[in-house]
Every structure is written in structure tokens, then in C-alpha cells.
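Got a structure for you, written out below as C-alpha cells; questions coming shortly.
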Amino acid sequence: MTQPEVHSSNPPQETQIRPEPGLRSAYRPVFDMSVCDGCGICARECSFNEIRMDTREGKKVPVANRRSCGACHRCEYTCPLGAIHIEENKMALRPHGVWKDSAMQRIHLQAASGAVALTGLGADTEVPNYFDQILFNACQVTNPSIDPQREPMETVTYLGRKAKSLKDVEDIQHFHNALIRLRMPVVFAPMSYGSINLNFQKAMARVAQKKGLLWYSGEGGLHKELYPYRDCVVLQVASGRFGVSQEYLRAGRAYQIKIGQGAKPGIGGHLPGEKVLEGISETRMIPLHSDAISPAPQHDIYSIEDLRLLIYAIKEASGYKPVCVKIAAVHNVAAIASGVVRAGADMIYLDGYRGGSGATPSIVRDHVGIPIELALAAVDQRLRDEHIRDQASIVAAGGIRNSADVMKAVALGADVVAIGTACLLACGCHACQRCSSGKCPWGITTNDPDLSQRLDVDWAEERLTNLLEGWHHEMQEIMGLNGIYDIGSFRGNRLILRGVGLSDRELSILGIQHAGE
Amino acid sequence: MCGIAGLISRQRVKENGKRIKQGIVLQNDRGNGLGAGYAAYGIYPDYADLYAIHVMAMDEESMLEVQSYLQEHFVIQHMEDIPIWNRVIHDHPLVKRFFVEPKESIIKAFPVPVSEDNYTIEKVMAINDRQEGAFVFSSGKDVGVFKGGGTPADIYDFFCLDDYEGYTWLAHNRFPTNTPGWWGGAHPFNLLGWSIVHNGEISSYGINRRYLEGFGYKCRMQTDSEVVAYLLDLLIRRHGLTIEEATLALAPPYWASVEREKDPEVEQRLLALKIIYESAMLNGPFAILAGFDNGMFSITDNTKLRPMTVGLADDYSYFASEVSALYEMEPGLERVITPRAGQPCIVNLDHGAESREAEAPITR
């Protein structure tokens, strides 16, 4: 394999050379010149201008700029000859236990820009992922496992306000109207139109409608083309009130008041002006190219009483649709959740520390909040202790990677689990974490017309469907091997779980026993 | 694997334990000698209006502590050692029964009215939760549970069950696997008028228990089966479900079957039951026979991984894990029913016998 030399530009005229540490990318595309025919697709596909075409010895060749490769792997997948792969462009730094590469890079970057370092995705730290330290039980001898290939294995889940007992149900019609039926305990997490594009929202909406699930609009309003999917959408009312109109307040299956987000508890949403293009500006009802910065708090909610007012205002306006309140998992989450339920929420959406984001200050993403496993366990127990668990469903989110995470969350007490990043990954995302740039090469977190069209709605729909079907089978498998045919008996059933390598304190918060007990 | 037997006289004709003993002893292979027990209804006619509190204690001191606790909260009208014959089982706890009624002065002093039943349950739970070395294993009116570590025949003789006359009898032969074999873990489990015997394993125990704890029940018997007795008390007595509704809540039909229901009113009610009582639903392999003041019923899991058969003759209904045990109790059976998976069989002395089948309930 040969590698082209990078032609340095003319040597600087100044006598003093000014290096710019921090602007060198950590990855680079490598071209197999024995295969490359110089077609130039890679240069066109790379939306970050990492690759340019040059002419060498009369032959067109791709050249890496070594400035902006983020390892999105778009060029690698689109090269018709398979001539590209991405390599780490690692500097040979002397290892240091405190000043690790990432710590150093961040300083270099900020020293160069003077800005808050923005990033996408969820927290990138070594804070324990408790899901990885929890294991399931399985049937042996005394209780036969059930084979989901042969026996019914049901995952039907109802969301919303239920009742303590049948005699508490005054009007059964009203009782049922207030509930939402899901085919399985998974929903699509809120990702706003703007942060992702219409194609992606449309794909989620179609899958939700076809599969009997829910998708959440996020705070970007509801594009007019998505009104046909209104019967399975939870529309968000966030602090920026983007897109909240009279029509909007009638359209949804349910509503979500966004108080906080796991990736950035305590601060509002950021949609950089670069991403506020025509459709977004119209749907959000804001000027073109204006930064859509949601205020940190909702400015009509400074207290739990205010939240109650907004919950009931939305119920009144929407014709008594279920109202969900989304909060980030923070230290006092159990008490907050209790207050939220008492304030009238029909669902509480808990977004954990590892929750994703399209644009978040990385300092907030990595250092604020608590993992969803602990928050979920604490909230579920608190609501039970206070006898109000039946009043609201719990939606758990924040770093759910696979069906085992889903089932562990359900066993800890979640009614349903929301997935966001997993959906992006299913549609080509390689977690390069540059969502905020608006240049997503996979056409997901961008609204640039050329880039957006890279995401084919039918294809994305198929990928999401496949992902959910696969998970659904696995979830049924996990239920069956525990001898449980209905997800209802799995929900909150913490005896199914055992911890490995956890302290007594962690076990007691999670409400589970240690393996071997 | 465990063995179950039950019989009930619809005319409330009383008999001693001989026939039920035959029914359960025949199923000797379904147990391993680590636990057996019986429940009988109508055995305390002289104290029919009083709670019959059966207490097991590991030593005299614990028994005295329970006694003084009962004295503090109840009026004890009568108390006595439960007669035992310990020539075969030598190593056994002390067993005593107290016929009590809640102290009126205490009940009346509550700011909000408290029913006698709720008051009694709370005290029973308090004893089982806090008292070291002693527990209450039977607390209903005119009903008694007799159980312990041993074979069905040994436990029968130990408690001298020839000397009791009841119109409803339940029996159990235990083969403990997942939980320790100890006297408190033997079946039946009882709370007030609810007595249950269970064959199988309750895989939903983790959530059933958390659900019950939210309503003040304390699960302290180290075995999954006890939740069923408490769930019956909660669903039927406290939430006012009918027996049939309770069977539907505990062993509900599949969502798919509910959604196939043609009558929208029935469908909505079934759905509501399933939704509200999700955490009460029993899952895992089980066959359960439950006795209550006015009858008896059986439920099984939806795949019927544990057996249950029902026999009818004259005014009697018989329940057992094995058909042979039905004939052992009544050789002249008129009809033997094998309930389908998930199909409850209910004998309600208020209504006559019935069994929920898709179209025509089995009524007798």
C-alpha cells in the first residue's frame, strides 16, 4: 500500500513559525493506491473537506488534508473499489495518568478557539455503566423456560395513568382513553426536527405507526408532512416553545414537557443557526439561520406549582391527552419525580447521564447528572413507597445499547425504554460526535438538502424496523428463559437481576442482590 | 413438584380429615418429606366469630412474647396448645392457638375507621416481621391450618386431624426446591379466610412481593407461594373483585385472547383488569388451589405447566394434582374435569360451582 505525500503549502514567509496545536485530527483516511482509480467519490462524500482530489503524474488521486477527519467512515463505505480505510492519526504522546490525550486535546482545542467545546452523543467517560454489572437469572429444572418460538410471549405495554384498583375506575371509557398501548416497551427518544432532519423523523414515525409504538417529536415542532403520523407521536413543549401552536396542541397522541435532558441537565437545547434552514425555520416559527437556543429553565416554571399549571394547561388545550414530563437524572431525582407525579404528570421520562444529544457542551455532558440505572431504581422505589406508582408510567432513557439494557431497565422498574443514539447508529451513524456541525455525512443530523437526501426514508425505515424486530425477538428470548410469558411480570421484578462487583451501597440503591445470593 | 388435594361439600356437610389424607398420601411421590400441611374450614364452631390465630414458636420465650403482643392488641377469649401427637415427629416447634377479637377500645380510638380484618392483618404481619423465632400461620375465623416438616401422613398424625370436622379441606405435599424446607415454608399459606396450596414456582414473585409491600403486606416466609394468599386478600376483600375477576387478574388470559373478545364491554373490563393488576399477575409454572370461607377454586398458568384435575360427585367437588387422587377421595365420581391451561375452576357456595371456559362455563 502506498500512501500519498501531503504537499505542504508554500513555506511561511514569517521568520517565526506558528504551530497550531489542537487542530490536527485524530484520524485519517488511508488510500490503497493500487486499487484507487481516482473517481473522486470520496472527496464528494466527505462533508468535512478532509479529502481533496489532486493530480499527480497526470493521474487524479485523493489526498487527505489531515485536518478534519472524524472517523465517520462515510468515504470508506462509499468507495466503490473498497480502497479506503480510516486509521488513527495518533500522536506519540508520552503516557501520563492525569494528562491523557483527550485532556490535552481539549485544552489545545479551546486555546485555539476560545469557545465552549460542543459535542454530540452521550457522555464519554469511565463512569460505571451499571447495566454491564447486572446479570439475568434463568430457569433450571424447577421452573421450565418457555420457548418463544413455540409459545406466546407477550410484550404489550400500556402507558399512562392507571388506577390502584378496579373499583377506583369510575368511567372505564375514560380510563382506556387515557392510556397508550405499545406493542413492546420501546419508544423512539425525542430528537427534534432541526437536530435531525425530516427524513429521519419520517422513518421513525413510519416505524412507530406500523409497529404500534411511539415516537417523540423533540422540541422542534411538528413538520406539516408528519401530521399523518400524529396518532403515534408525543409532541414536546420545551422551554423555547418552538413550533407550539394551536394546531400543534391538538395534534399529538400525548404531550411532553421538557424540563431537562440527560446529556445536559440544567441547560436548554442548542440548535446552531447553521442548521436553521427553511423547513426548520417554518416549523419552529423562528427566523432563518437564527440560533435556536432554548432557555435553561422554562420561564413559566420556577416551581412545582408552576409545573402543575403547565401540565393542566396542556391537558385543557389538548383535550386531556396524557402529559409526560421529561427530567434529567440528577441527585435528587426520586423526590423530584414524586413531585412531578403529584403535579399531575401521567408519565415521567427519566433521561440518564449517558443520554445523547445533538449539541452539548462536552464539559456538561461528561460531568453532570447520574446514570439512568440508579435514577430509575430510586424513582421506581420512591413512587412505590409513596403509593403513587400507578399514577404515572416511567420512561427510562440514556445510553440504552441493546435489548439486554432494555430488559434490565424494565426489570428495575421502567414501563418503557426510549432509544435515540441506537436509532442513529442503525441508520449509518458511526458516532463521530459532530452532530452540531450540520455536516453529518450520513445525512442524519443535517438539514443541508444535498446531505439530507443521502438518508433514504424507505431504507432508514427498514433499518429501524430490523433493529426493533431483532431486539423484540431477543427480549422475548430473555423473558422465556426466565419462564415469564408476559412482560408485566418482568417489570419491576428485580429478583431476576443480580449484581456483579458492586458495593452494598450500589446494590441497595439498585434494589438487587449480589450474584451468588 | 408438589402434590395438591382438596375437597368441599356444597351443603357444608362436615367430615374429619380421613378422605383428604387418603387423597394426599396417594400422591406421596410428589413430595420429599420436607413439608406437608392441611387447611380445614368450619372446624371451630364454638369460636366461629373469633379470629383463630395459630402460632408456631421455636421456644417458650418467643411464644410468650407473641402471647403478650396478642394480649396487648386483642381480647383473647380462649387459648390452648394445639393438640399434637409427637411419637413420630420429635423435633418440632411449639404450636398454640388463640381465639381473639380486636380490642374495641383500640379500634374505636383510630381517627379513621379501621376494619377488624385490616387491624388483624396488620398485627399478624407485625408478628411475622418482627418476632424472632415465632410466626402466625393461620389467622382466619372458623378455619385452621396445620402444617410442618414431614410427610403428609406424619403431619396428619402429628396434628391429630382425625379429631377435626370441616366442610372444606385442602392438603399439600411439598417438594421444596428453590427455598428452604422449614415449618414456616410448608403449605397451606393462610391469611384470614384465604388458604392456598401451590404446586410450582412463581417467577413473578419479585414484582408480586414489591407490589404487596406497597399495600402493607410483609413477605417473611422465605417462599414464593405466600404471595398468593395475600394477593387474594388484597384483590377480593380489599379491592372488592369477585372471585372470578380475581382469578382473571392473577392468571389472566393472553393479551391476544383479550383483544379477540367480541363484546366490547367485556373486553374493556378484561383489559382494565390486566392493566391495573399487572404487578399482581402470577407468572411461571403453577397450579394453585385456594380455599375461602364460601368455597374453593383452582387456577393454573396459561401453559398449564403444573397439573390440576377436578372431580364431581353428589354435592362434593374434589381437586387434585392427579386423577387417581380424586378417585381415592371418592371412588364414585360422576364426572372428571381436566381444566384447560389457564382455566380456573370455581366452587362458590354462594353461587354454585362454575368454571370459566371460553363459551360455556362448567356449572354445577
Side-chain angles (χ1 to χ4, degrees), chain A residues 137 139-147 150-160 162-169 172-173 175-176 179 181 183 380-381 383-390 410-411 413 415 479 482-497 511-513, chain B residues 1 175-179 200-211 213-216 224 234-235 238-242 245-246 248-249 252-259 264-265 267-269 271-286 301-303 305-306 341-342:
Chain A
N137 192 20
C139 296
Q140 294 294 301
V141 184
T142 57
N143 52 345
S145 36
I146 305 172
D147 185 349
R150 295 182 173 85
E151 303 286 343
M153 190 60 62
E154 300 194 314
T155 53
V156 174
T157 296
Y158 277 80
L159 286 188
K162 296 166 187 167
K164 235 177 229 60
S165 76
L166 193 62
K167 69 181 174 200
D168 293 336
V169 177
I172 200 153
Q173 197 64 51
F175 171 82
H176 284 295
L179 294 169
R181 180 189 186 278
R183 192 174 147 252
D380 177 62
Q381 191 55 47
L383 298 186
R384 284 175 193 279
D385 289 346
E386 298 187 2
H387 312 296
I388 52 174
R389 183 64 181 83
D390 60 293
V410 169
D415 285 284
M479 287 161 62
N482 272 290
I484 284 176
Y485 67 79
D486 189 313
I487 191 97
S489 295
F490 213 93
R491 185 165 291 124
N493 192 344
R494 298 185 186 174
L495 271 186
I496 289 172
L497 307 176
I512 62 175
Q513 290 171 285
Chain B
M1 190 165 77
F175 201 134
T177 41
N178 291 326
T179 45
E201 178 172 320
I202 298 174
S203 309
S204 55
Y205 173 66
I207 184 58
N208 299 144
R209 177 180 171 158
R210 291 184 77 208
Y211 176 70
E213 281 169 351
F215 290 96
D224 50 7
L234 177 69
L235 268 51
R238 285 170 66 180
H239 286 179
L241 297 188
T242 63
E245 284 169 337
L248 287 169
Y254 290 115
W255 289 105
S257 337
V258 175
E259 284 159 6
E265 243 177 69
E267 186 199 351
Q268 286 205 335
R269 206 166 164 77
L271 280 178
L273 265 177
K274 263 190 90 112
I275 292 166
I276 293 171
Y277 292 107
E278 174 186 276
S279 305
M281 165 173 56
L282 301 173
N283 222 307
F286 64 83
D301 63 275
N302 271 350
T303 26
L305 293 165
R306 292 293 182 271

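Reckoned from all heavy atoms, side chains included, excluding hydrogens, waters and symmetry mates. Here is the naming used below: chain letters follow the sequence lines, and residue numbers restart at 1 for every chain.
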Going through the distances and angles, do A/Ile172 and B/Glu265 end up as a side-chain contact (heavy atoms from CB on, under 4.5 Å)? CA-CA 9 Å; A/Ile172 200 153; B/Glu265 243 177 69; over 6 Å; no

Separation of A/Asn143 CG from B/Phe286 CZ (nearest 0.5 Å):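 So the CZ of B/Phe286 and the CG of A/Asn143 are separated by 13.0 Å.
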
If one checks every heavy atom of A/Gln173 against chain B at 4.5 Å, the contacting part turns out to be both

Shortest non-hydrogen contact from A/Tyr158 to B/Glu259?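 Shortest heavy-atom contact: OH-OE2, 4.1 Å.
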
Contacting region of A/Arg181 [heavy-atom separation from chain B under 4.5 Å]: side chain

Is it the backbone or the side chain of A/Leu179 that comes under 4.5 Å from a heavy atom of chain B, or both, or neither?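 Just its side chain gets close to chain B.
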
Quick check on A/Asp390 against chain B: is it the side chain, the backbone, both or neither that has a heavy atom closer than 4.5 Å?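 Neither part.
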
B/Leu282, part contacting chain A, at a heavy-atom distance under 4.5 Å: backbone

For A/Asp385, all residues meeting side chain to side chain contact (heavy atoms under 4.5 Å, CB included), sequence neighbours excluded: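 Partners of A/Asp385 by the side chain to side chain contact (heavy atoms under 4.5 Å, CB included) criterion, ordered by chain and then number, come out as A/Gln381.
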
Between A/Glu154 and B/Tyr254, is there a donor-acceptor pair closer than 3.5 Å when you use the side chain of the first and the backbone of the second? no

Counting only heavy atoms closer than 4.5 Å, note whether B/Ile275 contacts chain A via side chain, backbone, both or neither. both

To the nearest 0.5 Å, how far apart are OH in A/Tyr485 and OG1 in B/Thr303?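 With rounding to 0.5 Å, OH (A/Tyr485) is 7.5 Å from OG1 (B/Thr303).
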
Whether the side chain of A/Lys164 engages the backbone of B/His239 through a donor-acceptor N/O pair (distance < 3.5 Å, no angle test) should be reported. no

Non-hydrogen atoms of chain B under 4.5 Å away: do they reach the side chain of A/Val156, the backbone, both or neither? both

Which one of A/Thr157, A/Asn137, A/Leu495 has the most heavy-atom pairs closer than 4.5 Å to chain B?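 Greatest number of close heavy-atom pairs with chain B: A/Leu495.
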
Heavy-atom pairs under 4.5 Å with chain B are the metric here; pick the option from A/Cys139, A/Pro152, A/Ala411 that has the most.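 Max contact count across the listed options: A/Pro152.
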
OG/B/Ser204 to CG/A/Asn482 distance, rounded to the nearest 0.5 angstrom?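 Rounded to the nearest 0.5 Å, the OG-CG separation comes out at 11.5 Å.
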
Kindly compute the distance separating CZ (A/Arg384) from OG (B/Ser279), expressed to the nearest 0.5 Å.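 Nearest 0.5 Å value for the CZ-OG distance: 5.0 Å.
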
Please round to the nearest 0.5 Å and tell me the distance separating atom CD1 of A/Ile487 and atom CG of B/Asn283. 10.5 Å

Residues two or more places apart in sequence or in another chain: which of them pass ring pair (Phe, Tyr, Trp, His ring centres under 6.0 Å) with B/Tyr205?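 B/Tyr205 satisfies ring pair (Phe, Tyr, Trp, His ring centres under 6.0 Å) with no residue once adjacent residues are dropped.
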
Sidechain-backbone polar pair: A/His387 side chain, B/Gly214 backbone, donor-acceptor under 3.5 Å: yes

So, for B/Ala272 and A/Leu166, which heavy atoms are closest and what is the spacing to 0.1 Å?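 So the minimum-distance heavy-atom pair works out to CB-CD1, 4.0 Å.
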
Can you tell me which of B/Ile202, B/Asn302, B/Leu241 forms the most heavy-atom pairs within a distance under 4.5 Å of chain A?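 Ranked by contacts with chain A, first place is B/Asn302.
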
Closest non-hydrogen atom pair, A/Gly483 against B/Ser203: O-OG, 3.8 Å

Separation between CZ of A/Arg494 and CZ of B/Arg209, rounded to the nearest 0.5 Å: 13.0 Å

Quick check for you: among B/Leu273, B/Leu271, B/Asn208, which has the greatest number of heavy-atom pairs under 4.5 Å with chain A? B/Leu271

Contact origin within B/Phe175 toward chain A - heavy atom pairs under 4.5 Å: neither

Shortest non-hydrogen separation from B/Ile207 to A/Gly488 and the atoms involved: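 Smallest interatomic distance, heavy atoms only, reads CG2-O, 4.4 Å.
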
Tell me which of these, A/Glu386, A/Arg491, A/Glu151, A/Arg389, has more heavy-atom pairs under 4.5 Å with chain B than the rest.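 Heavy-atom pair counts peak at A/Arg491.
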
Any idea which of B/Gln268, B/Met281, B/Lys274 has the most non-hydrogen atom pairs under 4.5 angstrom with chain A? B/Gln268

Of all heavy-atom pairs linking B/Arg210 and A/Gly492, the shortest is NH1-O, 3.0 Å

Which atoms of A/Phe175 come close to chain B, meaning under 4.5 Å heavy atom to heavy atom: side chain ones, backbone ones, both, or neither?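 Answer is side chain: those atoms of A/Phe175 sit under 4.5 Å from chain B.
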
Under a 4.5 Å heavy-atom cut-off, does chain A meet the side chain of B/Ala256, its backbone, both or neither?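 Both the backbone and the side chain of B/Ala256 come within 4.5 Å of chain A.
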
Could you tell me which non-hydrogen atom of B/Ile276 sits nearest to which non-hydrogen atom of A/Ala163, and how far apart they are?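 Taking every non-hydrogen atom into account, CG2-O, 3.3 Å.
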
Evaluate side-chain contact (heavy atoms from CB on, under 4.5 Å) for B/Glu278 paired with A/Asp486, printing each intermediate quantity in order. CA-CA 9 Å; B/Glu278 174 186 276; A/Asp486 189 313; 5.6 Å; no

If I measure from the heavy atoms of chain A, does B/Glu245 come under 4.5 Å with its side chain, its backbone, both, or neither? side chain

